[in-house]
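Data first, discussion second: the structure below is written as structure tokens.
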Amino acid sequence: MRILVVEDEQKVARFLKRGLEAEGYRVETAADGKSGETLARSNTFDLAILDVVLPRKNGFEILRDLRNEGHKLPVLMLTARSATEDIVSGLDLGADDYLTKPFAFDELLARIRLLLRRQVQSRTRLTVGDLVLDTISHEAVRGGKKIELTSREYKMLEIFMRNPGKLLSRADLAREVWGYDFDPGTNVVDVYVNHLRKKVDQGFEIRLLQTARGKGYFITDRSPASLL
Ligand code: CA
């Protein structure tokens with residue numbers, strides 16, 4: 001697990017880096033807002049610890065810009081002031097948690113563990129509408145009802161759910177599910193999609209697996225007309 005620490009106070013930054021590394025985390029530090037933001041954008045971290053008061057760009061501005069760009073990197077804000085408005089604006093801007101300086105290192109570790117656990121769960125649970133797929137246990141559940149899938153059906157559903165709203169051609173699905181050596185000239189892809197559709201959509205009002213005639217298939221819980 002990689003943690004980014006954006007903190008201009010060298011003493012605090014060194015303390016955090018040493019402490020977190022002793023706990024087995026890989027840590028990189030940035031001493032100002034601009035370089036911290038560049039590192040945060042690199043998509044190589046699992047969590048960022050962001051100080052509020054920073055040179056060049058403050059923690060709130062970094063957080064605001066990251067979230068506006070759609071970055072979901074979990075962020076724990078550090079605030080030196082106990083001012084409630086700081087905490088509230090941080091959370092409003094999309095911080096996942098905060099700590100007020102000075103803090104106990106054990107408290108920080110506990111918060112980090114919680115955020116990272118949440119992060120792993122969100123990565124291994126794919127959802128489209130009321131359909132949930134767990135990519136660890138391979139369990140599919142829709143509206144609270146478990147769906148039994150063969151391993152190929154699971155693989156196919158995972159590909160659909162990793163690409164919600166995206167049109168997948170028969171060749172895409174053949175390549176992803178069966179591998180490159182499969183000949184998509186047969187109708188085996190259509191047969192599997194139909195099997196999968198029965199399991200996923202039968203008995204539900206909203207159909208998730210959609211056909212784009214002559215083009216392929218996609219999954220969505222929104223009106224398909226708005227996507228094609
Ligand atoms: Ca600072």
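Counting starts at 1 for both ligands and their atoms, following the listed order. Numbers for residues simply follow the sequence, beginning at 1. Only this structure's heavy atoms are used, side chains among them; waters, hydrogens and symmetry mates stay out.
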Mind telling me whether H138 and Y154 have parallel, tilted or perpendicular rings, with 30° and 60° as the class edges?
parallel
Is E9 close enough to the Ca ion (ligand 1) to have an N, O or S atom under 3.0 Å?
no
Quick one: angle V53 O - the Ca ion (ligand 1) - D8 OD1, to the nearest 10°?
90°
Do any N or O atoms from the side chain of D46 and from the backbone of L116 form a donor-acceptor pair under 3.5 angstrom?
no
Salt bridge (charged side-chain N to carboxylate O under 4.0 Å, His left out) between E7 and K101, intermediate numbers included
CA-CA 12 Å; E7 165 66 85; K101 289 184 192 172; 2.8 Å; yes
Donor-acceptor pair, D51 side chain versus L54 backbone, under 3.5 Å?
no
D51 N/O/S atom closer than 3.0 Å to the Ca ion (ligand 1)
yes
